[in-house]
Structures are given as C-alpha cells and as structure tokens.
Amino acid sequence: MGRAPLLNLSALLTLMLIPSTISVTVSTSKPKVEVHENTNAVLSCEFRTEKETNPRIEWKKKGKDTSYVYFDGEFTGSFKGRASMEGATVTVRGVTQKDSGVYYCEVTAKHDKTHFGEVTVTLSVLVPPHAPSCHVPETVMRGSAVELHCKDKLSVPPATYSWYKDNKPLSTAHLPDINYNLDPKTGTLKFKSVSKSDAGQYRCEASNGIGAPKTCAGQHMKITEFELNLTLVIAVGVGAALFLLSCSLAICLCCRRGCCRCCRKDKKKGKQKRNMTKHRPPTDPRHYRHTKSFMI
C-alpha cells in the first residue's frame, strides 16, 4: 500500500516534464462559400494556439501568382476599403465575379511547437443571366443546312438556352418529325434542311436559376427559292464570249508566228505542195524542150 502513492507521484512528475503537444490549429466552418453578385461574402477562419498570444494572420488568394489579401495588419489591392476582419474571419463587401477563387488563411505562432497552420476557403460569386448575343441569318436558301447561335458569357453558373419561333418554344427532344436539333448547353439550333415553314422570327432565352431569365431581341429568318438573276446570266454570257474570242485570237497569233506545232506542219505541207507543183514534169512529150544536143 505504501508503494502506490510513490507510483502516482512518479507518474505526475513524468507528465509535468513532458512538453505539451498542443500547437497552433486552423479551421473553417464553411470551406465553400457561394454568394450572389454585389452581396457580402464571409470567409471563415478560426485558430487556436498553444502559447502564442499575438499570432500573425495572413490571407492570400490563389491565381497565376498567389497574391496577398491581408498582410502586415491591413488589406491590400482591391480589398482595401471594402473588407474587414474579426479574429481571422474576413468579410468582403460588394463581391463581383473577379472575387471568385481559392483563398488561404494562414496563421503563424512563433512560440508554439508547430509554428504554422492554414485552411482553404473557396468563394464562388453567382451571376444571374445577361441578355445573350444571338445570331440568326436574315436570308437562307431552301434546302440548305443552317445554324443559329446563342451565347451568354457572363452568367455563373453557365446558362442553359431555349429557342422560340414566333414566340412558341422549340422542343429539345430528338423527334423524327422535326428537322432541327437544339443543344440547350451550347445554345446552337441546327437545321438539317430548311423549308418554307421554317421562316419566321427567332429569339433565344438564357437561364441559370440565379436570377430572372434573359432573352435577346427577335430576329426574322427568310427562306428563299433559287432564282436565276438576269444580270448574272448576261454577265456570264458576255464573259464566256470574251473568253472564246481571246482563245481564238491567241490561236491565230500563234499560227502566224509558227509557235503552234500543228500550224508548222500545215505550213510545211503547203510549201512542199507548191514545190511539187512547180517542178512537176509535163506529161505530154511535145512539151519537152531539147536543151542539149548529143550524138550517138
């Protein structure tokens, strides 16, 4: 019985001599923050230290180059004048899409066994739809393939798209009785082969569930038949006549200069024919002239 108090005293002394393993710890109550544009965003950061009573707190934003948000006791850059801190938690007022990104809360406690701790907070600024830009061709020839485009580059999350013809929604389903294909993610409306019935006013609507849907102004698409233009026909005819005349003149000039092989052959044959006609002996013996006497 006398040895038990001695063992308890020994264990107590051992615990007192072992240094504490508690060091700086950093955490967040909300690692992912989503807020609407032009509202306030709270980036939570909480810490505990072992001995340090005045730890150094820094906030950084990840990008191509990591930049300081809060350094040496003050906010920097675009955060100056619109951000505040309570403990290590930062509140940013009037956030925009440029504020979206990954943030680091870093706490340094020099007097603790582990001097450094950090936590990551991701901020996503949600942007409602803007009026999309739409491209609708004014005139299309019947039977041709056509694409209509719609795009909203500013909304977050990305918008999905709907098309309307004469204020009636077009189906996104792939049905055998329709001659178009509508992709709600890209906003592209494709016609395999347009017909007269496809003529009308088209408009596109963008929505992402954050704000009210936005639409572009309606644009009219006209379907035309292929028609021969009288002016075009005359122009083609005159051009063809001039081309043939030019070719004829070139061939004549070539023949006169003897550049053409066939012309040289014809010329040579004509010359040989003239020579043969010139030196052809008479067929009637009476036409022979005695040019030289001879003796037997």
Side-chain angles (χ1 to χ4, degrees), residues 32-41 61 63-64 78-79 82 92-102 122-233 235:
K32 292 185 178 181
V33 179
E34 289 187 349
V35 294
H36 288 210
E37 190 178 30
N38 299 319
T39 61
N40 297 342
K61 183 182 179 184
K64 292 182 178 179
S78 63
F79 296 91
R82 66 184 187 101
V92 184
R93 296 182 294 274
V95 294
T96 65
Q97 182 56 36
K98 292 182 179 180
D99 296 321
S100 295
V102 178
T122 302
L123 173 61
S124 298
V125 179
L126 306 178
V127 182
H130 290 66
S133 59
C134 302
H135 172 70
V136 179
E138 293 182 4
T139 305
V140 180
M141 192 175 297
R142 185 175 64 87
S144 60
V146 181
E147 289 188 5
L148 281 65
H149 299 279
C150 178
K151 193 66 177 178
D152 173 14
K153 298 180 179 180
L154 301 176
S155 61
V156 179
T160 55
Y161 304 96
S162 303
W163 277 95
Y164 293 80
K165 176 181 178 290
D166 299 328
N167 292 323
K168 296 179 181 179
L170 297 179
S171 174
T172 58
H174 297 276
L175 301 175
D177 58 336
I178 60 176
N179 66 331
Y180 62 83
N181 179 28
L182 198 167
D183 190 336
K185 293 183 178 180
T186 63
T188 302
L189 176 61
K190 296 181 180 180
F191 288 90
K192 299 174 183 177
S193 177
V194 293
S195 61
K196 281 286 187 180
S197 62
D198 294 320
Q201 188 181 70
Y202 290 83
R203 64 179 178 87
C204 172
E205 184 180 84
S207 60
N208 68 349
I210 302 302
K214 297 291 183 180
T215 183
C216 65
Q219 302 177 41
H220 192 81
M221 185 172 72
K222 181 181 178 182
I223 310 299
T224 61
E225 299 284 348
F226 179 76
E227 297 178 357
L228 288 176
N229 190 305
L230 182 59
T231 304
L232 179 63
V233 172

* Heavy-atom neighbours of Lys196 NZ exceed 12 at 6.0 Å -> yes

* Do you know which two heavy atoms are closest between Ser193 and Asn179, and how far apart they sit? -> O-ND2, 3.0 Å

* Side chain of Asp166, backbone of Gln201: donor and acceptor closer than 3.5 Å? -> yes

* Asked: Side chains of Met221 and Leu148: does their closest heavy-atom pair fall under 4.5 Å?
  -> yes

* **Side-chain donor/acceptor of Lys165 to backbone N/O of Asp198, under 3.5 Å** => no

* Should Arg203 and Cys134 count as side-chain neighbours, where that means a heavy-atom distance under 4.5 Å? -> no

* Structure fact -> CD1 (Ile223) and CZ (Arg142) are apart, to the nearest 0.5 Å, by 10.0 Å

* **Validation row: Gln219, His135 side chains within 4.5 angstrom (heavy atoms)** => no

* Donor-acceptor under 3.5 Å (Trp163 side chain, Pro184 main chain) -> no

* Asked: In Å, rounded to the nearest 0.5 Å, how long is the span from CG of Asp99 to CD of Glu37?
  -> 9.5 Å

* Kindly write out the residues that satisfy side-chain contact (heavy atoms from CB on, under 4.5 Å) with Ser155, not counting sequence neighbours, or none if the list is empty. => Asp152, Ala159, Asn208

* I would like to know whether Tyr164 and Ser162 meet side-chain contact (heavy atoms from CB on, under 4.5 Å); could you show each step before the answer? => CA-CA 7 Å; Tyr164 293 80; Ser162 303; 4.1 Å; yes

* For Cys216 and Cys150, run disulfide bond (SG atoms under 2.5 Å apart): C-alpha distance rounded to whole Å, both residues' side-chain angles, the deciding distance at 0.1 Å, then the answer. => CA-CA 9 Å; Cys216 65; Cys150 178; 5.4 Å; no

* **Spacing of Thr188 atom OG1 and Tyr180 atom OH [to the nearest 0.5 Å]** => 14.5 Å

* Indicate yes or no: at least one non-hydrogen side-chain atom of Pro213 is less than 4.5 angstrom from one of Pro129. => no

* Asked: Where do Val146 and Pro137 come nearest, in terms of heavy atoms and distance?
  -> CG1-CG, 3.6 Å

* To do: Please lay out, stage by stage, how Val156 and Ile210 fare under the test side-chain contact (heavy atoms from CB on, under 4.5 Å).
  => CA-CA 8 Å; Val156 179; Ile210 302 302; over 6 Å; no

* To do: Without swapping roles, check the side chain of Arg82 against the backbone of Arg93 for a donor-acceptor pair under 3.5 Å.
  => yes

* To the nearest 0.5 Å, how far apart are NZ in Lys61 and OG in Ser100? -> 7.0 Å

* Contacts of His149 that satisfy side chain to side chain donor-acceptor pair (under 3.5 Å) - sequence neighbours left out -> Glu147

* Structure fact -> Of all heavy-atom pairs linking Pro132 and Ala206, the shortest is CG-CB, 4.2 Å

* Does a side-chain heavy-atom distance below 4.5 Å link Leu182 with Tyr161? -> no

* Does Lys190 offer a backbone N or O that forms a donor-acceptor pair with the side chain of Asn181 under 3.5 Å? -> no

* Shortest non-hydrogen contact between Val95 and Ala41, atoms and distance -> CG1-CB, 3.8 Å

* Structure fact -> Closest non-hydrogen atoms of Thr224 and Thr139, given as atom of the first, atom of the second and distance, are CG2-CG2, 3.4 Å

* Asked: Looking at CG of Leu123 and NZ of Lys32, how far apart are the two atoms once the value is rounded to the nearest 0.5 Å?
  -> 13.0 Å

* Going through the checks in order, is the side-chain contact (heavy atoms from CB on, under 4.5 Å) test met by His130 and Lys214? -> CA-CA 6 Å; His130 290 66; Lys214 297 291 183 180; 5.5 Å; no

